[in-house]
Amino acid sequence: MYKLLKTEGRAKRGEFQTVHGTIQTPVFMNVATVAAIKGAVSTEDLEGIKNQVVLCNTYHLHLRPGDDNVYRMGGLHKFMSCNKPILTDSGGFQVFSLAKTRRIKEEGVYFHSHIDGHKLFMGPEESMRIQSHLGSTIAMAFDECPSARADHEYVQMSVDRTTRWLERCKKEMDRLNSLPDTVNPHQMLFGINQGAIFDDIRIEHAKRIREMDLDGYAVGGLAVGETHEEMYHVLEQVVPYLPQDKPTYLMGVGTPANILEGVERGIDFFDCVYPSRNGRHGHVYTKKGKLNLLNARFELDSHPIEEGCQCPACKRYSRGYIRHLLKAGEMLGMRLCVLHNLYFYNNMMEEIRDALDNGNFAAYKKKTLDGFREYEE
Ligand code: GUN
Ligand code: ZN
């Protein structure tokens, strides 16, 4: 159940109740693709970085350790000892981006595993069954994410098929939720809007999926090669056609600036690998922009990554020490950078929520974006 608490222009401040607790939005979901946040970050660590929701992947967990195994271990929450909401992506996107030699048919997608090459099939029903085994809080619909460069005719054909797949997802999810041995009988389903950068296809699709009365609505197929301006344009076109009293989710986005622009255009949920991936490379976020801790100028720097930051890295360690760890190839160096970056993202979301509560999001956004430019000049 989503409660719209406040608006500022199109920006939404909301609250989303789930069986695993209430999510305050706008929110960033911390990415744990294979049921682990890359960079040796544990479920316990999530408490110190203001995490609200974790995102795991159907495709990866189906291949390894196998959703049957997770089911036999009591579902994803028990398996990874997590009592917070978990969203699972459907596998659609990963089949298209990772799998080799995929063939898309009406029934689903035939592909080869990126781990050992063996032949696999996934369609809407398989994706729902896997996600039901995992028992996530929120399951995503099985979709096709067409290339940003695909032509109008292909995208129209693809989106029509994605709509038919969504009808099959909903039917299968309803059936699975009513079975006696389901891990999470309250599992929710979010639909995904597609249509590349074609306004007419995006809007028509938004209208069709809105009628299906799902638990939430994602905007997919973005951050896949189009420009930032094209992405913002799509959001301006599509979000007005999605229900305001349901959560909206911009999949796979993005930089802190992209998130601020997304919130302004009405998005509640975000997820991105940037903070963890950048952290593993020693690139850390600050209010003044990104720093590369491998840079020689940090060798004798006794300041924390960011003065005043309350993350587990900044409360205790210096830039100089973390730089040394990274240089020495110690895992702790990566870990501290990832913890800082995730805290930075989750803390920015908290500041965004506070700004919306106080009716000064526009001013907060401008001040924050101006701040990010300092190190770039
Ligand atoms: N993650 C980022 N973009 C997408 C998308 O378009 N579909 C799905 N399922 N996941 C995504
Ligand atoms: Zn920090």
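Numbering of ligands and ligand atoms starts at 1, following listing order. Note that the coordinates shown come from a computational prediction; the quantities given were computed from them, not determined experimentally.
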Completion exercise
Exactly one candidate in Ile130, Val109, Leu166 meets side-chain contact (heavy atoms from CB on, under 4.5 Å) with Phe142; the answer is Val109
Exercise for the section: Quick one: report the N, O or S atom of His340 that is nearest to the Zn ion (ligand 2). Expected result: ND1
Practice task
For ligand 1, note which part of Asp143 has a heavy atom under 4.0 Å away: side chain, backbone, both or neither.
Solution key: side chain
Exercise for the section: Between Val224 and ligand 1, find which residue part has any heavy-atom pair under 4.0 Å and reply side chain, backbone, both or neither. Expected result: neither
Handout entry: Donor + acceptor pair across side chains of His303, Ser318 (<3.5 Å)
Key = no
Exercise for the section: Please say whether Gly221 places an N or O atom under 3.5 Å from an N or O atom belonging to ligand 1. Expected result: yes
Practice task
May I ask you to check whether Asp89 has an N/O atom sitting below 3.5 Å from an N/O atom of ligand 1?
Solution key: yes
Practice task
Mind listing the closest non-hydrogen atom pair of Leu189 and Ala141 along with its distance?
Solution key: CD1-N, 3.8 Å
Handout entry: Closest heavy-atom pair and its distance - Gly135, Asn184
Key = O-CB, 3.6 Å
Practice task
For the atoms SG of Cys314 and SG of Cys309, give the angle they form at the Zn ion (ligand 2), rounded to 10 degrees.
Solution key: 110°
Handout entry: Heavy atom of Gln194, distance to ligand 1 below 4.0 Å
Key = yes
Fill in the blank from the handout: One finds that the ligand 1 atoms under 4.0 Å from a non-hydrogen atom of Ser90 are 9 (N)
Exercise for the section: Taking only heavy atoms of Cys145 into account, list the atoms of ligand 1 that are under 4.0 Å away from them. Expected result: 6 (O)
Practice task
Would you check if Val263 and Phe270 make a side-chain contact, meaning some heavy-atom pair closer than 4.5 Å?
Solution key: yes
Handout entry: Shared hydrophobic cluster for Met349 and Phe372 (ILVMFWY, side-chain gaps under 4.5 Å)
Key = yes
